[in-house]
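These numbers come from the heavy atoms of this one structure, side chains and all, not from hydrogens, waters or symmetry mates. The chains referred to below are lettered A, B, ... by the order of the sequence lines, with proteins before strands, and numbering in each begins at 1.
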Amino acid sequence: MTGPGESIYRALLYLYPRAFRARYEDDLVAFFLADRAHPKYGAGPLRPIRFWTATLRDLVRAVWRARTGRDTDDPRPATARAGVGRPRWPIRADLRAAWRGMRATPGVVLSAVVLLALGIGIGTAMFSVVDAVVLRGLPFDEPDRLVQVSESNLDGADAWPAAWPNYAAWRTRQSVFSGMAASAYAGWLTTAGDEEPARLRAVRLTASIFDVLRVAPALGRPFTPADEVEGAAPVMILSDGVWRRRFGADPDIVGRVQRFEGGARTIVGVMPRGFTYPLGSVAASAIDVWVPIVPTARDRARDGGRTYAFTVVARLRAGVGLDQARVEMQGIRGSLATEFPKWFEDRGVMVRPMTAAIIKPEVRAWMLFLLGAVGVVLLVACLNVANLLLARAIARGREVAVRAALGASRWDLTRAFVTDGLLLAALGAAGGILIALWGVEVLRATLPDSLPRLASIAVDRRVLFTAAAAALATGVVFGLLPAIWLTRPNLSDGLRAGGRTVALAAGGRRARTGFVVAQVALATLLLAGAALFAASFARVVRVDLGFDPEGVVVVGMTPRPAPGAPRLDLAASRAMVLDALDRVRVVPGVQAATVIGAGTPLGGGGMTQPLDVPGPSPVRFTGPDEPWVHGATAAYLETMGATLVAGRWILETDTAAAPPVAVISDEAARRYFAGVDPLGAIIRLNDRDVRTVVGVVHGTRHVGPEEALRPEVFVPFAQGDQPSGDIVVRAAGDPMAVVPAVQAAIRAAVPNATLYQAETMEDAFARLTAQRRFNMLVLGLFGVLAVLIAAVGVYGLMAYVVSQRTREIGVRVALGAAPSGILRLVLGRASRVLVAGVVAGLAGALLLERFVRSFLFEARPHDPGVYAVVTVLLLAAGLLAAAAPARRAARVDPLHALRAE
Amino acid sequence: MSPRPPAPSPDLTPITFEVLLSLIDGPQHGYGIKLDIEARTAGEISLGSGTLYQAIQRLEREGLIAATRAAAGSGDPRRGRSYKLLPAGRAAMQAHLRRLSRVVDYARARRLLPESRS
């Protein structure tokens, strides 16, 4: 019978040299079993620990002695020891030899180190991103106990924020969580007072969040239930960032009152540095202040409208699993559904780990995809190093043979190659870490802001450990590969071949050819990926937005009454905006200006309204058929560069007093009037706003280039129900240059206006396509790098082949072969290698294409154009790399070549 | 110049010497050797399996001891192979002892050790 202890010990015996284990294994095990009864290990629970400590200490020492030849038991100098001759692993001597070898071929070594450093550096930088975004845990205590509780549709497919009454009911009825908390975006708080108004991004929190997340302010106090009562004094907690930027890190900030439009708030605390909540897609630095949620009677009531706005987080009670929590929450939903059937006819409840709720599967997939791509780059770099080591090994074939003949063991020879590989890898890793430190900065600046936890990306110990491990593995594996078959027992062949190392060379050439084919294949794969992404990006950029974003800038504004004056009514507010527009139009450099109400294109906001087409058979359009409704002025077409398709555009004469009109988009005409001329037709917006259609305009992609066209209705700003709008300007030259003058003009018309950060339409477009641009750039970079490395590989291989066959080529030339024939011979061989690699790479790319298709915009399966371009590029690069060795071969002087033997 | 102490045997290390000593009275298996050495040195030298069998390996290679099938005393196969002292091993041990004895005589003469034989 074999106990577990014996099995472990037997396994450990594999650490000994094979000969020793073969002879003494049974004896050692017998010793081990007998020793377990030895009285010196004492009694009690510590006995096995003492026994194993002693056993392992002996094992480690004995293995060390056996492996290094350093016998501490033996007083003689190492060289005098029987059967050893000298230390088993003379590290310093090996390193010296490897360094000497490298200095002999500095160019080749340098290129290998640089390529390896690039591979490791880029790989490490990318890993640090992936690690920070998806791999690392949430920055809270016991993050795996945190769950997000959401409302969902009945089949549990989509998660939505919760309605307040439901959250309140969950919280009082549940018993599986130690705490539950809610949060909701509160938009912007605009400061009031003497200084220039500033906007602070605010989030509303329940007081319970501090217990659930187990966080506390660095200064001051958290929110308390007393802050959540209607009528309580308004308070807020600052983020570390805003405390430093805006309040100069004032240590006595607690208790200060900050005035905002709509009331003042007392600062009661400052959160610690690095804290942010929620962790969702909003950039980590964006939240400035937190304010308590003060539910109103309307929020709490179950009779009024249903507002779903609250993100709910909870901490599982100790000993409660996720499944148990799910069961209980389903039960609570069931009893709520019988009490308030209207609220739950279409609503379920969902409990997810918080990590899964924050790091959405598509982000995770994207990150892992990037990691995979960078892994391929690293692999190509490793193959290149292996190739180099192999070439050097072959060049040293005779030396190897001589050393073997003089009694060097296989272990001695293997060690030399592994030391070579490790030294290269260490140099590569050192360079790679430098590149990683720099690359992380670049990536952080290039990655789209919407990536969760972007701010926490950094090269830390974990990342450096990964880089070191990658380098170590590279060195050992690719040092071992040439060693394994170069030191096969028939080494004396190298001597017998009169120094031409024919036997080694044949196997070496095959292996090198294999490596180069693999490099070309992987480069093809990456380049094909890059081409797919580039084609996808090109399709996105070419999407017809329905307007011309170039030269257009959006200047956001909200009119405000003078201090002490009454609230602005709709007409007064609108008049102020139109007055500001009149002044903006005459600012030098402004070509055209318009007001757009309810969200500008690409701006991320907008308003849809249900639309009815009255008549004998009225039709109502809701849901996805609801149109965007924009307010606009007469200059809209000119400012945005939009095109009128039929009828007329909004005129200056379409005032509040004039008959209500609307211009609809061609998409709206298609959906609502299907082939019938819409001009003169009547539409009703939002059940009350009846208008006559007077024109049809080319539709715009309001949300972004990847969004499907949605119907739109434009109404004269002067006739709509929107009190304000953004001023949009088309400028000659750089649109940002006119912004200060435009803002001054607005302020001259409306002294108390709140002005927002201006953004050009082109910047908005870049923001919307940031992820695609990033993917394209990264994969393009990887592809180019891989092709470069593969080209170096092809060059090296062909140079080697030519040098090996110099004599044969000399004979051919002597027999009358033309230089062009020699050129064809060499290039033909290069083509075979290239074609093999490209075919393998294309096959791989076609197979893997479906995994990346979800990242592509309107992907065409197996796009032949893309693959053709990739094939041509790689063949061209490879043949270019082979050209120099081929020309050298064509110029071989037969006399010289034959004499060289 | 004062007389120098003779160098220890170039062939035997403290551990291999102890192993040879344990085989004087007849063949022993590995664990028996270990216990014997522990008893003789009052626990000062307590060998682990690796250390012991590396010593045994060296002694076997140098032809000083050999494995024997005829286990002395306990015929328990679970105790592992037994080893017996070869004539060359006995000679090496005696040479080593002579050298040690010279060292001891030298040390006594210089009053580095107490006289124990009286």
Side-chain angles (χ1 to χ4, degrees), chain A residues 1-2 5-6 9-10 12-41 50-77 79-84, chain B residues 5 7-19 27-39 41-69 71 74-83 92 96 99:
Chain A
M1 273 229 306
T2 308
E6 185 184 335
Y9 185 70
R10 272 189 194 278
L12 287 172
L13 291 182
Y14 279 85
L15 293 170
Y16 283 114
R18 191 192 304 182
F20 182 78
R21 195 183 70 243
R23 170 122 183 91
Y24 298 108
E25 182 174 4
D26 290 340
D27 287 3
L28 287 164
V29 173
F31 185 109
F32 168 84
L33 294 174
D35 199 38
R36 284 206 291 209
H38 199 294
K40 77 173 169 181
Y41 298 121
R50 286 193 208 102
F51 167 71
W52 274 103
T53 311
T55 304
L56 290 179
R57 194 169 51 204
D58 170 71
L59 183 91
V60 168
R61 284 181 179 166
V63 167
W64 172 255
R65 278 197 298 270
R67 293 287 176 190
T68 61
R70 223 164 277 176
D71 194 340
T72 47
D73 174 44
D74 190 335
R76 292 166 300 165
T79 45
R81 267 173 233 145
V84 179
Chain B
S9 158
D11 298 319
L12 295 183
T13 68
I15 290 173
T16 49
F17 177 58
E18 292 291 345
V19 172
Q28 287 256 37
H29 51 72
Y31 202 69
I33 296 173
K34 170 198 162 70
L35 294 178
D36 193 61
I37 294 174
E38 272 174 24
T41 63
E44 213 171 280
I45 299 182
S46 176
L47 299 180
S49 56
T51 313
L52 174 67
Y53 279 96
Q54 278 176 349
I56 289 178
Q57 181 186 35
R58 194 177 310 132
L59 290 168
E60 275 200 289
R61 247 192 226 158
E62 293 176 3
L64 304 184
I65 64 169
T68 167
R69 223 164 281 170
S74 79
D76 190 348
R78 284 176 306 163
R79 284 288 165 100
R81 265 186 296 246
S82 288
Y83 297 89
H96 192 74
R99 253 170 268 150

Note: vs chain A, highest number of non-hydrogen pairs under 4.5 angstrom among Gly50(B), Gly43(B), Ser49(B) is Ser49(B)
Heaviest contributor of heavy-atom pairs below 4.5 Å to chain B, chosen from Ala19(A), Ala54(A), Ala62(A), is Ala62(A)
Applying a strict 4.5 Å limit to non-hydrogen atoms, the region of Leu52(B) in contact with chain A is side chain
Flag side-chain contact, heavy atom, 4.5 Å: Asp26(A) against Arg81(B) = no
Under 4.5 Å to a heavy atom of chain B? For Arg23(A) that would be both
To the nearest 0.5 Å, atom OH of Tyr24(A) lies from atom CD of Glu60(B) at 3.5 Å
When the 4.5 angstrom heavy-atom criterion is applied to Phe20(A) and chain B, the contacting part is both
Keeping the roles fixed (side chain from Asp58(A), backbone from Leu47(B)), state whether a donor-acceptor pair exists under 3.5 Å.
no
* Asked: When the ring planes of Phe31(A) and Tyr53(B) are compared, do they come out parallel, tilted or perpendicular, using 30° and 60° as the limits?
  -> perpendicular
>> Side chains of Gln54(B) and Arg65(A): any donor to acceptor distance under 3.5 Å?
In response: yes
Closest heavy-atom pair, Tyr83(B) versus Asp27(A), reported as atoms and distance to 0.1 Å, is OH-OD2, 2.7 Å
Of Asp35(A), Leu13(A), Leu59(A), the largest count of non-hydrogen pairs under 4.5 angstrom with chain B goes to Asp35(A)
